[in-house]
Protein chains: 2
Amino acid sequence: MATDHTGVVPGAGSRTRRRADAERSITAIVEAALVAFRSDADATMADIARTAGVGRVTLYSHFPSREELLEEVMARAIEDVRAVLAAVPVEGPPARDALAGVVRSCWQVLDRYRSLHAAAVRVLGPERMRARHDEPLATIGALVERGQHDGTIRADLPRDWLVATVYSLLHAAASETEAGRLSPGDAAGVLEATVVSALSPAPAAG
Amino acid sequence: MATDHTGVVPGAGSRTRRRADAERSITAIVEAALVAFRSDADATMADIARTAGVGRVTLYSHFPSREELLEEVMARAIEDVRAVLAAVPVEGPPARDALAGVVRSCWQVLDRYRSLHAAAVRVLGPERMRARHDEPLATIGALVERGQHDGTIRADLPRDWLVATVYSLLHAAASETEAGRLSPGDAAGVLEATVVSALSPAPAAG
DNA sequence: TCTAACCCGAACACATCTGTTCGGGTTAGA
DNA sequence: TCTAACCCGAACAGATGTGTTCGGGTTAGA
């Protein structure tokens with residue numbers, strides 16, 4: 001710990017200014033990690049370095065460990081989700097319609113990151129992974145709760161389960177697309193239709 | 001290759017009769033593999049041997065490689081699913097009702113094997129994993145097709161996607177249960193309700 | 001009882017990955 | 001131009017896992 005890892009994330013006034021080529025390397029590495037993890041959850045540091053077109057030593061000079069690299073990549077993905085979620089109107093329309101919008105937005109991001117999820121779960125462990133998703137998932141949870149009150153979302157099933165359903169279908173759509181069984185163009189619409197049906201109040205409950 | 005691995009699966013007339021203690025070891029190993037993989041997808045051969053209460057050498061004498069062991073364990077799991085699926089009346093009642101029964105049955109099996117799936121995907125790879133599931137999934141696919149004809153299952157979404165939805169929700173229920181966010185007692189009912197809603201014809205399609 | 005089948009710990013060869021060090025080359029940027 | 005920051009291949013130490021061999025002990029089962 002306590003490396004002079006001055007913060008890969010820009011924005012804050014980084015006191016030790018990095019040279020432009022270093023900045024370029026870091027970007028290439030993060031990008032490569034995304035690509036590498038997409039095709040193989042066990043991608044090694046050597047794989048990633050090769051994909052990024054940098055030396056392994058360079059990689060280690062920026063990210064002291066494999067875990068920290070994953071951490072950074074995950075942080076960017078989650079940040080994207082958070083940003084997208086924040087931009088969606090959650091208060092205005094009926095919950096079910098808002099939900100459809102949220103699902104579409106999440107899909108945009110997920111489509112970018114696809115199987116990163118699997119890799120991250122393995123390295124970071126399910127708990128820490130869950131922690132990362134907690135914030136966006138809580139947003140969805142709140143939306144579901146509102147819907148359960150205004151009657152546009154079913155109230156006969158636990159809220160946590162409904163959130164898990166959304167999460168699960170989102171990732172299912174990602175892997176079906178990846179596998180070529182679902183066309184990327186259809187995915188968003190199909191996904192939205194399925195989520196809405198699953199979360200709508202049951203018409204003739206048994 | 002070409003080991004004298006006379007076939008761990010009984011049934012066929014195994015020419016080299018195994019001694020009773022060997023049979024016992026094999027059972028213990030398969031059982032242990034199930035337990036070990038449940039808690040850690042990366043369980044080593046040493047872990048499994050320890051859990052089974054046998055020596056590592058003994059393990060290797062029965063299963064020449066980690067992969068073959070996984071293969072065998074998976075085969076048993078799939079066989080269970082197949083058996084359960086075969087016992088369910090698929091022809092009689094309307095497709096949607098039959099589907100509910102199928103989901104419940106699959107859940108019984110999945111509840112036993114839970115996170116074996118994750119481990120198997122990692123070792124066997126997604127394609128071979130998919131191949132294993134193809135048969136049971138085809139059964140569900142046929143059922144969905146029938147439902148799309150008799151009108152009890154929605155026809156506005158691709159059949160493959162509906163099958164994927166079932167598959168995905170099944171595994172979501174497994175991990176939610178594992179995580180303690182869904183009580184084992186509720187799981188079957190909650191799952192069934194969700195699948196039925198997701199696959200029922202949309203009442204007021206957009 | 002007797003023997004082949006089985007069990008098993010110890011130790012080995014081999015592979016692979018992580019993270020580090022060394023030493024020299026390249027380049028951004030003042 | 002000049003130098004600190006950066007890049008990088010080679011090579012190392014250390015950890016961990018796989019699959020095998022050896023040599024001796026135990027037990028099923030005829």
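Here the structure is a predicted model, which is why all the values come from computation and not from measurement.
One can place CG of B:L70 at 12 Å from P of D:dT18, the figure rounded to the nearest angstrom. Nucleotide D:dA5 holds its P atom 9 Å from the CZ atom of A:R19, rounded to whole Å. Note: CZ (A:R66) to C1' (C:dC17) measures 9 Å, nearest angstrom. Note: CG (A:D42) to P (C:dC17) measures 9 Å, nearest angstrom. Nucleotide C:dT18 holds its C1' atom 12 Å from the CD1 atom of A:I48, rounded to whole Å. What separates OH of A:Y60 from C1' of C:dT20 is a distance of 10 Å, to the nearest Å. For the pair B:I29 CD1 and C:dC7 C1', the interatomic distance rounds to 11 Å; values are reported in whole Å. The CD1 atom of B:I26 sits 11 Å away from the C1' atom of C:dC6 (whole-angstrom rounding).
Donor-acceptor pairing under 3.5 Å is recorded for the side chains of A:S168 and B:S168.
Between A:E72 and A:R76, at least one side-chain N (NZ, or NE/NH1/NH2) sits under 4.0 Å from a carboxylate O, which counts as a salt bridge. In summary, B:R50 and B:D47 engage in a salt bridge, as defined by a charged side-chain N under 4.0 Å from a carboxylate O.
Pair check for C:dC17 finds D:dG14; Watson-Crick or G-U wobble, both atom distances under 3.5 Å. Here C:dT3 sits opposite D:dA28 as a Watson-Crick or G-U wobble pair (both hydrogen-bonding atom distances under 3.5 Å). Of all nucleotides present, only C:dC12 satisfies the Watson-Crick or G-U wobble test against D:dG19, with each distance under 3.5 Å.
DNA chain C is contacted by both B:G55 and A:D47; B:G55 maps to the nucleotide lying nearer its 5′ end (nearest heavy atom per residue). Nearest-nucleotide positions on DNA chain C place A:R56 closer to the 5' end than the other of A:R56 and A:A20. In terms of position along DNA chain D, the nucleotide closest to A:R24 lies nearer the 5' end than the nucleotide closest to the other residue of the pair A:R24 and B:M45.
For the OP1/OP2 pair of D:dC6 and a distance below 4.0 Å, the side-chain nitrogens and oxygens of A:S61 include no atom meeting the criterion. An OP1 or OP2 oxygen of C:dC8 is reached within less than 4.0 angstrom by a side-chain nitrogen or oxygen of B:T58. Considering only side-chain N and O atoms, B:H62 lies nowhere under 4.0 angstrom from the phosphate OP1 or OP2 of C:dC6.
Contact of the A:V84 side chain with the A:D80 side chain is not registered, since no non-hydrogen atoms from C-beta on lie closer than 4.5 Å.
Checking C:dC7, D:dG9, D:dT18 against the side-chain heavy atoms of A:V57 singles out D:dG9 as nearest.
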*Output, in order, the C-alpha distance, side-chain angles, deciding distance and verdict of side chain to side chain donor-acceptor pair (under 3.5 Å) for B:S197 and A:R154.*
CA-CA 10 Å; B:S197 294; A:R154 73 194 305 169; 2.8 Å; yes

